[in-house]
Amino acid sequence: MPEENCIFCRIANGEIPSAKVYEDENVMAFLDLAPVHAGHTLIVPKKHIKDALAFPAELASAVAAAVQKVARALVAATGAQGFNVLQNNGLAAGQTVFHIHWHIIPRFEGDGLEMWRQGSYLDASAMQEMAKKISLAVQK
Ligand code: AMP
Ligand code: ZN
């Protein structure tokens with residue numbers, strides 16, 4: 001069901017214009033209007049799904065196929081040497097539109113873009129402890 005106030009539902013059903021680059025039965029892809037680099041594309045399922053936790057596995061292959069198709073085309077069209085596939089979940093992670101989407105961002109050698117800063121664990125046991133905590137939660 002489309003959500004009335006969801007901008008990506010409205011784009012997907014044609015109510016709001018977009019710079020569309022690809023569409024099939026399940027997904028649509030259009031340019032992000034505030035691109036990291038020109039050609040930065042968003043892939044959305046046509047169905048309203050909030051985030052990765054609500055995303056049904058049945059749609060995964062449709063999205064994976066669209067990501068490959070669009071990424072290949074975007075690399076060819078922009079001359080990019082690589083690309084990032086990013087997907088934000090929750091406000092804290094930078095999600096601003098609560099209709100799941102995958103960012104496909106063209107990347108150029110030496111473009112200087114730092115996507116994130118990595119840290120370290122205090123020691124090996126802190127790392128093991130974290131792994132244990134997560135693996136126990138996975139089993140729940
Ligand atoms: P996120 O921060 O991961 O939720 O990404 C939302 C993205 O949607 C941002 O990069 C915005 O620039 C982009 N965006 C928001 N509204 C539109 C729109 N009407 N058309 C194209 N891109 C949009
Ligand atoms: Zn939506």
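In each ligand, atom 1 is the first atom listed, and ligand 1 is the first ligand listed. We number each residue from 1, following the sequence as shown.
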Review point. Quick one: which ligand 1 atoms are inside 4.0 Å of a heavy atom on Ile11?
Key: 18 (C), 19 (N), 20 (N)

Exercise for review: Considering heavy atoms of the protein only, find what lies nearest to atom 2 (O) of ligand 1 and give residue, atom and distance to 0.1 Å.
Suggested key: Gly94 O, 2.7 Å

Review point. Is the His99-His101 ring centre distance short of 6.0 angstrom?
Key: no

**Study point:** N or O pair under 3.5 Å between Phe8 and ligand 1
**Key:** no

Revision key, fill the gap. Restricting to heavy atoms, the pick from Val44, Leu33, Val97, Val36 nearest atom 23 (C) of ligand 1 would be Leu33

**Study point:** ligand 1 contact by Ser18, heavy-atom criterion under 4.0 angstrom
**Key:** no

**Study point:** Heavy-atom check, side chain of Ile49 versus side chain of Leu59, under 4.5 Å
**Key:** yes

Exercise for review: Could you check atom 1 (P) of ligand 1 against the protein and tell me its nearest heavy-atom contact, residue, atom and distance included?
Suggested key: His101 NE2, 3.1 Å

**Study point:** Check: Glu15 side chain, Arg10 main-chain N or O, donor-acceptor pair, under 3.5 Å
**Key:** no

Review point. Taking distance alone, with no angle check, do His40 and ligand 1 share an N/O pair under 3.5 Å?
Key: no

Study note, to complete from the structure: Within 4.0 Å of some non-hydrogen atom of Ala34, the atoms of ligand 1 are 12 (O)

Review point. What are the protein N, O or S atoms, given as residue plus atom name, that sit under 2.8 Å from the Zn ion (ligand 2)?
Key: Cys6 SG, Cys9 SG, His48 ND1, His99 ND1

Check your understanding: Does the ring centre of Phe30 sit less than 6.0 Å away from the ring centre of Phe8?
Key -> yes

Point to revise | Leu42 N/O to ligand 1 N/O under 3.5 Å | key: no

**Study point:** Sub-4.5 Å side-chain heavy-atom contact between Leu136 and Lys140
**Key:** no

Check your understanding: With distance as the sole test, does Gln139 use its side chain to make a donor-acceptor pair with the main-chain N or O of Ser135 at under 3.5 Å?
Key -> yes

Check your understanding: For residues His103 and Asn84, is any side-chain donor paired with an opposing acceptor at under 3.5 Å?
Key -> no

**Study point:** Side chain Glu109, main chain Ala80, donor-acceptor under 3.5 Å
**Key:** no

Point to revise | Least distance between heavy atoms, Met28 atom then Ala12 atom | key: SD-CA, 3.6 Å

Check your understanding: Distance only, no hydrogens: is a donor on one side chain within 3.5 Å (strictly under) of an acceptor on the other, for Asp123 and Tyr121?
Key -> no

Check your understanding: Closest non-hydrogen protein atom to atom 12 (O) of ligand 1, residue and atom name please, with distance?
Key -> Asp32 OD1, 2.6 Å

Review point. With a cut-off of 4.0 Å, which atoms of ligand 1 are near a heavy atom of Thr96?
Key: 1 (P), 2 (O), 4 (O), 5 (O), 6 (C)

Point to revise | Heavy atom of Leu86, distance to ligand 1 below 4.0 Å | key: no

Check your understanding: Does Gln87 approach ligand 1 within less than 4.0 angstrom via side chain, backbone, both or neither, non-hydrogen atoms only?
Key -> neither

Point to revise | Close side-chain approach of Glu114 and Trp116, heavy atoms under 4.5 Å | key: no

Study note, to complete from the structure: Tightest non-hydrogen contact, residues Pro17 and Ile11, listed as O-CG1, 4.5 Å

Check your understanding: Does a donor on one side chain and an acceptor on the other come within less than 3.5 Å for Gln87 and Asn89?
Key -> yes

Review point. Going by the atom numbers of ligand 1, which of them fall below 4.0 Å from some non-hydrogen atom of Gln95?
Key: 4 (O)

